[in-house]
Amino acid sequence: MKIGVLTSGGDCPALNAVLRGLGKYVYTNIPKAEIIGIPDGYGGLIEGESRKMKESDFSGILNVGGTILGTSRQPFKKMTVRDGDDPVTKAEKMKENYKAMKLDCLVTLGGAGTHKSAALLSSLGLNVIGLPKTIDNDIYGTDVTFGFHTAVDVATECIDRIHTTAASHGRTMLVEIMGNKVGWLTLYAGIAGGADIILLPEIPFNVDRVVKKITERAESGKAFSIIAIAEGAMTEEEATLKKKERLARRAEKGQTTVTQELADLLHEKVGVDTRVVVPGHIQRGGAPSPYDRLISTQVGSYAGYLIKQGIFGVTVAINGETMTYNKLEDIAGKMKFVPADHPLIKAARDIGISFGVKR
Ligand code: F6P
């Protein structure tokens with residue numbers, strides 16, 4: 001049995017921990033199995049690159065950040081188009097190379113885009129298993145994705161540190177947290193870090209509501225405020241625009257997110273001193289947390305179990321402490337957004353945290 005494996009899309013903590021879980025399961029439980037590592041995500045499969053992985057390759061990597069396989073972003077929309085004079089599409093090339101490598105199955109560790117491509121490959125007849133990776137926690141059908149909780153820890157620590165300097169100076173500080181389409185990371189880190197205002201892509205905000213909250217805090221003697229704002233947050237006005245128009249408008253101001261504009265508006269309207277902090281890719285780097293190591297060990301070994309059972313065309317899902325799976329075709333193209341009635345949003349509102357809208 002030849003098992004291909006690749007890591008695709010943006011990296012995150014715990015990719016290696018999952019690879020370790022898979023490798024150790026396979027070499028312990030599937031006699032004569034071979035694991036073939038494909039470098040740089042789908043890019044490596046398109047180019048037909050691979051290397052045989054020894055059992056020892058999966059040791060000593062549990063707590064190592066990044067991915068020993070390397071990764072790349074390969075947009076799903078380009079998978080079915082031909083490049084220039086190329087007679088075949090990228091998806092067809094991947095199918096050819098899967099066959100040339102004599103793979104019996106392919107395990108893809110990745111986020112929402114990776115899963116769309118995994119579903120496409122599965123529809124072309126490849127035996128594919130997807131594993132739910134991303135600090136965004138936006139994969140449909142799983143309680144959580146690996147990498148998310150480590151990023152929550154990092155972003156929370158960042159807000160903690162900003163808290164003390166904001167308090168010392170009496171400033172309003174905006175911490176821009178990763179998450180272009182969904183606000184899970186901002187919601188979790190915002191609450192865990194004690195932010196006063198949390199702005200999510202799912203809840204377009206009203207600038208005057210943010211102004212009101214900061215003013216009320218100032219009037220009650222709290223000279224500083226902390227805003228946890230997702231990269232993908234937008235004003236109510238921006239939400240009426242198409243994504244392309246919204247980005248074009250921001251580009252005119254030399255910005256890709258709304259954070260700096262909000263900081264400037266708050267300075268103008270409230271008179272407070274504002275600062276923007278962007279932890280960026282720090283949230284994706286470094287060692288996975290113990291919780292991520294635990295779920296990654298489960299996810300990786302469960303993927304090995306699915307291979308042993310001959311169950312393909314699925315993605316692993318975490319349901320409480322139990323591993324299960326969903327069909328790729330059922331989850332591909334869907335996203336797990338923060339619902340407006342999420343219990344954490346209720347708890348946050350109940351203690352006075354503002355989401356920049358009227359309750
Ligand atoms: O999907 C993970 C993520 O970190 C998003 O939160 C972020 O918007 C994006 O990737 C950044 O991508 P890149 O690594 O290409 O800058």
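Here the structure is a predicted model, which means the values were calculated and not measured. Remember, it's 1-based here, ligands and their atoms both numbered in the order they're listed. We number each residue from 1, following the sequence as shown.
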### Query
What protein heavy atom sits nearest atom 2 (C) of ligand 1, and how far off is it?
Asp136 OD2, 3.4 Å
### Query
Using a heavy-atom cut-off of under 4.0 Å, does the side chain or the backbone of Leu185 touch ligand 1, or both, or neither?
neither
### Query
Heavy-atom contacts under 4.0 Å between Arg73 and ligand 1: side chain, backbone, both, or neither?
side chain
## Note on the structure
Here the atoms of ligand 1 under 4.0 Å from any heavy atom belonging to Glu231 are 5 (C), 6 (O), 7 (C), 8 (O)
### Query
Would you call Gln283 a ligand 1 contact, heavy-atom distance under 4.0 Å?
no
### Task
Give a yes or no on whether a salt bridge exists between Glu92 and Arg82, defined as a side-chain N under 4.0 angstrom from a carboxylate O.
yes
### Query
Centres of the Phe224 and His163 rings: under 6.0 Å?
yes
#### Entry: atom 3 (C) of ligand 1 - nearest protein heavy atom and its distance
Arg284 NH1, 3.5 Å
### Pairwise distance CD1(Ile162) to CE(Met173) - rounded to 0.5 angstrom
4.0 Å
#### Entry: Cation-pi check, Arg20 onto Tyr25 ring (under 6.0 Å, within 45° of axis)
no
### Query
Would you say Gly179 touches ligand 1, if touching means a heavy atom closer than 4.0 Å?
yes
### Query
Which ligand 1 atoms, with their elements, are less than 4.0 angstrom from a heavy-atom of Ile135?
4 (O)
### Query
Which of these passes side chain to side chain donor-acceptor pair (under 3.5 Å) with Asn206: Glu236, Lys212, Glu237?
Glu236
### Under 4.0 Å to a heavy atom of His281 - the qualifying atoms of ligand 1, by number
13 (P), 14 (O), 16 (O)
### Query
Taking all atoms of both residues into account, what is the closest heavy-atom pair of Gly320 and Ile318, and its distance?
O-CG2, 3.4 Å
### Task
Could you tell me whether Asp11 and Arg284 have a side-chain N and a carboxylate O separated by less than 4.0 Å?
yes
